[in-house]
Amino acid sequence: MSGTPPNRKVTPLKREKMSDKERERLAMREQRRKRGLRRRLIVIGIVASMVVVFAGVGLISQYGMIQANNAEKIELQEQLEELEANENDLEREIMNYNDEEYITEVARKDYYMSKPGETLFQLPEDEDEDEGDDD
């Protein structure tokens, strides 16, 4: 380099004019470069495939969790509907127990209580009526 002037352009080498040793050396260098490139590509491919596998596993586990949460949500909504229906029944019952006529009717029917001077008679029930009540 010391013998070449600094503004001189570099001319590309022509393979026809190279000696066999130079061609061999150039081919070896090209082979090493290709081998290094192939190794880098393999490493990049392995790393990329590992990233894809880990991302896939994460997505699959999240999908499973979402499905489980959705199933639990549906189940809890059904329980909520049942509890709301039960709450409505209980509120109706509370209103009935605050009604004096209802309490009197329950006391007479279930506990055979009577008003002063009143006599209760219990009549036998017909079998036909029992069968009709079951339906």
Side-chain angles (χ1 to χ4, degrees):
M1 288 256 278
S2 58
T4 61
N7 60 357
R8 189 169 170 194
K9 292 184 178 179
V10 177
T11 57
L13 296 175
K14 302 212 179 204
R15 291 191 181 232
E16 302 90 33
K17 294 182 181 180
M18 288 186 190
S19 68
D20 288 341
K21 272 188 174 181
E22 288 175 351
R23 280 188 206 150
E24 203 174 300
R25 198 170 10 139
L26 187 61
M28 293 275 276
R29 186 182 306 155
E30 219 172 290
Q31 251 183 353
R32 273 187 263 137
R33 200 183 90 234
K34 284 183 181 180
R35 198 177 316 138
L37 176 65
R38 192 175 301 134
R39 286 178 184 162
R40 285 189 298 271
L41 289 175
I42 289 172
V43 169
I44 290 171
I46 290 172
V47 169
S49 63
M50 288 174 60
V51 167
V52 167
V53 166
F54 285 127
V57 167
L59 287 174
I60 290 171
S61 67
Q62 285 181 355
Y63 180 76
M65 287 174 52
I66 288 171
Q67 293 299 322
N69 287 343
N70 285 341
E72 184 180 359
K73 179 182 175 184
I74 290 170
E75 183 180 325
L76 290 174
Q77 283 177 340
E78 290 173 358
Q79 285 180 0
L80 177 64
E81 290 172 2
E82 289 176 14
L83 290 174
E84 285 176 348
N86 190 20
E87 179 185 18
N88 291 338
D89 292 342
L90 291 174
E91 285 178 359
R92 210 174 304 119
E93 224 176 289
I94 288 171
M95 289 176 63
N96 286 338
Y97 283 122
N98 288 332
D99 184 17
E100 196 170 312
E101 288 179 24
Y102 179 78
I103 293 173
T104 304
E105 181 185 327
V106 169
R108 291 176 67 124
K109 181 178 157 190
D110 292 343
Y111 300 109
Y112 305 108
M113 298 179 86
S114 63
K115 293 181 182 178
E118 184 179 52
T119 306
L120 291 177
F121 295 99
Q122 186 169 0
L123 300 173
E125 295 180 7
D126 290 338
E127 290 182 17
D128 294 339
E129 289 180 13
D130 289 341
E131 291 175 5
D133 291 340
D134 290 343
D135 291 329

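Just so you know, these numbers come straight off a predicted model, no measurement behind them.
To the nearest 0.5 angstrom, Lys21 atom NZ is 13.0 Å from Met28 atom CE. Expressed to the nearest 0.5 Å, how far CD1 of Ile103 lies from CD of Glu101 amounts to 11.0 Å. From Glu24, atom CD reaches atom CD of Gln31 across 10.0 Å, with rounding to the nearest 0.5 Å. Atom CD1 of residue Ile74 and atom CG of residue Asn70 lie 6.5 Å apart, to the nearest 0.5 angstrom.
Asp89 is not listed as a side-chain neighbour of Glu93, based on a closest heavy-atom distance of 4.5 Å or more. Counting heavy atoms from C-beta outward, Glu91 and Glu87 have side chains that approach closer than 4.5 Å. By the 4.5 Å heavy-atom criterion applied to side chains, Arg32 and Arg35 are counted as neighbours.
Annotation: Glu84, atom CD; neighbour count of heavy atoms from other residues, nucleotides and ligands within 6.0 Å is above 12.
In the hydrophobic clustering of ILVMFWY residues, with side-chain heavy atoms under 4.5 Å counting as a link, Ile42 and Met50 come out together. Linking Ile, Leu, Val, Met, Phe, Trp and Tyr residues whenever their side-chain heavy atoms come within less than 4.5 Å leaves Tyr63 and Phe54 in two separate clusters.
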